[in-house]
Amino acid sequence: QSALTQPPSASGSPGQSVTISCTGTSSDVGAYNYVCWYQQHPGKAPKLMMYEVTKRPSGVPDRFSGSKSGNTASLTVSGLQAEDEADYYCSSYAGSGTYVFGGGTKLTVL
Amino acid sequence: EVQLVESGGGSVQPGGSLRLSCAASGFTFSTYWMHWVRQAPGKGLVWVSRMNGDGTTTTYADSVRGRFTISRDNAKRTLYLQMNGLRDEDTAVYYCARSDWRDYWGQGTLVTVS
């Protein structure tokens with residue numbers, strides 16, 4: 001149950017696009033289309049932003065999109081806005097009823 | 001409105017025990033998988049445990065297996081996490097979350113082991 005690998009930080013200017021990667025293995029990200037992404041603002045609970053790789057929950061702006069290739073999943077935020085500044089975590093099903101999170105990426109809107 | 005409210009956190013010495021509760025409302029609790037996820041101060045999210053709707057299936061992270069026990073009382077709409085043999089590294093905010101996508105989260109309860 002090793003953590004998924006995310007870059008510690010990412011940044012972009014308002015209006016730009018930024019992509020956050022999430023690298024796992026053939027036993028988790030590569031094996032299942034059960035990747036989720038969460039947004040967490042300081043002192044707040046995480047919020048689901050993407051599930052099953054590409055599906056957006058109701059209320060999540062379509063500026064957020066997800067994808068996966070092999071053992072790496074990605075979250076793209078287009079048209080960056082100030083309120084997008086937060087920590088982002090990926091998570092994947094890892095088999096046998098277990099799950100694993102990434103280490104988190106701090107997104108800064110410049 | 002879906003609500004999850006955790007309670008039971010606090011300070012405990014190494015080796016001690018604590019039971020966390022997560023009171024659910026606004027949805028049919030008995031039909032959902034429920035999860036516990038923790039976050040050490042200044043660190044990332046870590047999955048802890050999961051239980052199915054009728055309480056017959058549970059799984060645990062390697063780091064807590066054998067020490068923590070997840071359970072639920074569907075009549076009380078409450079999820080529990082019994083934590084025994086607590087270690088310094090168990091210090092964290094513990095969140096309960098609904099469903100295998102963890103689409104709703106509580107506000108968390110802080111457990112400090114020292």
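Heavy atoms only: backbone and side chains are in, while hydrogens, waters and symmetry mates are out. Lettering of chains follows the sequences in order, A, B, ..., and the numbering in each one begins at 1.
A distance below 6.0 Å separates the ring centres of B/W105 and A/Y38.
Note: A/Y99 and B/H35 have perpendicular aromatic rings, judged against thresholds of 30 and 60 degrees for the angle between ring planes.
Remark: B/R102 is not positioned above the aromatic ring of A/Y51, lacking an NZ or CZ atom under 6.0 angstrom from the ring centre and at most 45 degrees off the axis.
Of all non-hydrogen atoms in A/L48 and B/W101, the two that sit nearest each other are CD1-O, 3.4 Å. What you find for B/K43 and A/Y89 is that their closest heavy atoms are O-OH, 3.6 Å. A pairwise comparison of heavy atoms in A/A45 and B/G106 identifies CB-O, 3.2 Å as the closest pair.
Annotation: side chain of B/W47 is in contact with side chain of A/T98 (closest heavy-atom distance under 4.5 Å).
Neither the backbone nor the side chain of A/Q6 has a heavy atom closer than 4.5 Å to any heavy atom of chain B. Contact annotation for B/V37: only side-chain heavy atoms (C-beta onward) come within less than 4.5 Å of a heavy atom of chain A. A/P46 touches chain B through backbone and side chain together, each having a heavy atom under 4.5 Å away.
The 12-atom threshold is not exceeded at OH of B/Y104, counting heavy atoms of other residues, nucleotides or ligands nearer than 6.0 Å. For A/Y34, the OH atom sits in a loose shell: 12 or fewer heavy atoms of surrounding residues, nucleotides or ligands are nearer than 6.0 Å. At most 12 non-hydrogen atoms from other residues, nucleotides or ligands lie less than 6.0 angstrom from CD of B/Q13.
Separation of atoms CG (B/D103) and CE (A/M49) is listed at 13.5 Å; rounding is to 0.5 Å. Between the CG atom in B/D62 and the OG atom in A/S2 there is a gap of 9.5 Å [rounded to 0.5 Å].
Neither B/I70 nor B/V5 shares a network with the other; the hydrophobic side chains, linked directly or stepwise wherever heavy atoms of I, L, V, M, F, W or Y lie under 4.5 Å apart, form separate groups for each. The hydrophobic cluster containing B/W33 does not contain B/V46, counting ILVMFWY residues as joined when their side-chain heavy atoms lie under 4.5 angstrom apart, directly or transitively. Follow the hydrophobic side-chain contacts under 4.5 Å out from B/Y80 and you never reach B/V48; the two are in separate clusters.
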What do the steps show when you test A/Q40 against B/Q39 for side-chain contact (heavy atoms from CB on, under 4.5 Å), and what is the final call? CA-CA 12 Å; A/Q40 187 180 34; B/Q39 186 171 34; 2.9 Å; yes
